[in-house]
Amino acid sequence: MASRLSVPSSFGHSPSDADRSSSDNLKRNAWLALFSGSFLFWLMVVAMVWNLWN
């Protein structure tokens, strides 16, 4: 005989929407900072190479 477990629909998810949105916002800001820093770094590398060649 097979038995079936009943699991609430919110199982495995964060308990409140406020916690989820703040963590999503933090992750979004972290990725934005990472990409912005990377872009500025490579922009400076290109500018230095440009100065060396001219």
Side-chain angles (χ1 to χ4, degrees):
M1 294 179 73
S3 64
R4 192 173 215 184
L5 288 175
S6 177
V7 179
S9 62
S10 64
F11 182 76
H13 299 290
S14 64
S16 69
D17 290 337
D19 291 341
R20 188 179 68 224
S21 65
S22 66
S23 67
D24 286 349
N25 194 23
L26 181 64
K27 288 178 187 176
R28 187 177 304 117
N29 286 341
W31 279 112
L32 182 62
L34 180 74
F35 286 130
S36 299
S38 178
F39 174 76
L40 289 174
F41 170 77
W42 287 113
L43 187 65
M44 293 302 294
V45 168
V46 167
M48 287 192 286
V49 169
W50 186 269
N51 273 340
L52 289 175
W53 280 352
N54 284 333

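Numbering starts at 1 and runs along the sequence shown.
Residues meeting the ring-ring contact (aromatic ring centres under 6.0 Å, His included) test with W50, sequence neighbours left out: none. In terms of the ring-ring contact (aromatic ring centres under 6.0 Å, His included) criterion, residue partners of F35 (sequence neighbours excluded) are, by chain and number, W31. Residues satisfying the side chain to side chain contact (heavy atoms under 4.5 Å, CB included) test with W42, not counting sequence neighbours, are S38, V45.
Grouping Ile, Leu, Val, Met, Phe, Trp and Tyr residues whose side-chain heavy atoms lie under 4.5 Å apart, directly or via other members, leaves M44 alone, with no other cluster members. Residue L32 shares its hydrophobic cluster (ILVMFWY side chains chained together at separations under 4.5 Å) with no other residue.
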